[in-house]
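Not measured: the values here are computed from a predicted model.
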Amino acid sequence: TYTNCLKENIMPTVFVTGANRGLGYEHVKQYAKKGWKVIACARNPEQAKELKELQKKHGENFIIEQLEVVDHNRIEELAEKYNNTAIDILINNAGTTGPMGVPGAMGYQKIDSMDYQIWRDILEVNLLSPFKIATAFHDHVARSEKKILIMMSSDLGSVEQNNFGGFYSYRSSKSALNIISKGMSVDWKDLTVIALAPGWCKTYLGGDEAEIEPAESVEQQQEMFESITAIDSGKFLDRFGKEVAW
């Protein structure tokens, strides 16, 4: 458990993609504050001022890595670099709604105005990349204490909850992410794989109308990560650990 780790003075390690803003940034900030070893991945680390501030504050326990998640060679390089590192929680957080956040992103993924190139880009980032990262880092997570793989999904990926249409590109990418998360839980009995709906958060992707502050959502997510067990593998959960309808 968390307290046992503290006693032994061996703190867990968390690996987060898309760590330069939104939920990813909150995760690395809060885990660093708890004393965890943090590997924070960002597309342009030199522009990630807030991440650099955290690194100054937390020193060698806070590592920033350049990662454009669609770059499969870079994913493999990082997997090799951290070959001897046990990753307790891997948060496949990097995601996109295309070139715009909400509400702008709704315009190019409607039934009567679909931008197919943007749709392809969204699938590449939200679906293929997390699959590649999960498979590249499976062994790192499997040899850790906690063995948790988080696939950052969305309520918009729920088929049952889709009662207002639209958002075709984003919704389909997250529904597909849910099915690969479920599949991984079947194929990988040595990990706990969770598809996570973090709630509608006030981030660049979520927009200003959103209901939840990122810091609050992440605090609740991290609390939930401490309570999940291997029995939960393959579930689609909200930030409180309740099941979301597929």
Are [X] and [Y] linked, directly or through other ILVMFWY residues, by side chains that come within less than 4.5 angstrom of each other?
X      : Y      : result
Val16  : Tyr25  : yes
Ile179 : Tyr168 : yes
Leu149 : Val28  : no
Tyr82  : Ile148 : no
Met114 : Ile111 : yes

Can you see whether Phe164 has Arg171 sitting over its ring - NZ or CZ less than 6.0 Å from the centre and within 45° of the normal? yes
Can Phe15 and Cys41 be said to form a side-chain contact (heavy atoms from CB on, under 4.5 Å), step by step? CA-CA 8 Å; Phe15 182 102; Cys41 300; 3.4 Å; yes
Verdict with reasoning, Asn84 to His140, per side chain to side chain donor-acceptor pair (under 3.5 Å): CA-CA 7 Å; Asn84 299 317; His140 309 62; over 6 Å; no
Side chain to side chain, [X] and [Y], heavy atoms closer than 4.5 Å:
X      : Y      : value
Asn126 : Thr96  : yes
Arg239 : Gln221 : yes
Asp232 : Ile194 : yes
Val125 : Val69  : yes
Ile64  : Leu54  : no
Trp36  : Asn61  : no
Met152 : His27  : yes
Met184 : Leu191 : no

Nearest atoms (heavy-atom pairs only) where [X] meets [Y]:
X      : Y      : answer
Ser173 : Leu127 : O-CD1, 4.3 Å
Phe236 : Ala197 : CE1-CB, 3.8 Å
Ser158 : Val244 : CB-CG1, 4.4 Å
Ala19  : Ala40  : CB-CB, 3.7 Å
Leu90  : Ile133 : CD2-CG2, 4.1 Å
Glu68  : Gln66  : N-NE2, 3.6 Å

Would you tell me whether [X] and [Y] have side-chain atoms, one donor and one acceptor, within less than 3.5 Å of each other?
X      : Y      : value
Gln117 : Asp121 : yes
Ser172 : Trp119 : yes
Asn178 : Ser153 : yes
Gln222 : Glu226 : no
Ser217 : Glu213 : no

Out of curiosity, [X] [atom1] to [Y] [atom2], how far, rounded to the nearest 0.5 Å?
X      : Y      : atom1 : atom2 : value
Leu196 : Leu23  : CG    : CG    : 8.5 Å
Ile122 : Lys174 : CD1   : NZ    : 10.0 Å
Leu156 : Gln161 : CG    : CD    : 8.5 Å
Ile89  : Phe225 : CD1   : CZ    : 6.0 Å
Ser129 : Leu67  : OG    : CG    : 8.0 Å
Tyr170 : Met106 : OH    : CE    : 13.0 Å

Between [X] and [Y], is there a donor-acceptor pair closer than 3.5 Å when you use the side chain of the first and the backbone of the second?
X      : Y      : answer
Thr13  : Asp88  : no
Asn44  : Gln47  : no
Ser185 : Val193 : no
Gln109 : Ala105 : yes
Asn93  : Thr17  : yes

May I ask you to list the residues sharing a hydrophobic cluster with Ile231, side-chain cutoff 4.5 Å, ordered by chain and number? none
Counting neighbours of [atom1] on [X] that are heavy atoms of other residues, nucleotides or ligands and sit closer than 6.0 Å, is the number greater than 12?
X      : atom1 : answer
Asp208 : CG    : no
Arg74  : CZ    : yes
Glu46  : CD    : yes
Lys147 : NZ    : yes

For Lys132, is there an ion pair with Glu76 - N to carboxylate O distance below 4.0 angstrom? yes
Ion pair Glu65/Lys81, N-O distance below 4.0 Å: yes
Any chance you could lay out the side-chain contact (heavy atoms from CB on, under 4.5 Å) test for Leu237 and Glu243, step after step, and finish with the verdict? CA-CA 4 Å; Leu237 301 177; Glu243 290 200 57; 3.7 Å; yes
side-chain contact (heavy atoms from CB on, under 4.5 Å) between Thr135 and Trp188, worked out: CA-CA 10 Å; Thr135 52; Trp188 293 339; 4.0 Å; yes
How far apart are the C-alpha atoms of Ile180 and Met151, what are their side-chain angles, what is the distance that settles it, and do they pass the side-chain contact (heavy atoms from CB on, under 4.5 Å) test? CA-CA 9 Å; Ile180 67 170; Met151 306 289 262; 4.0 Å; yes
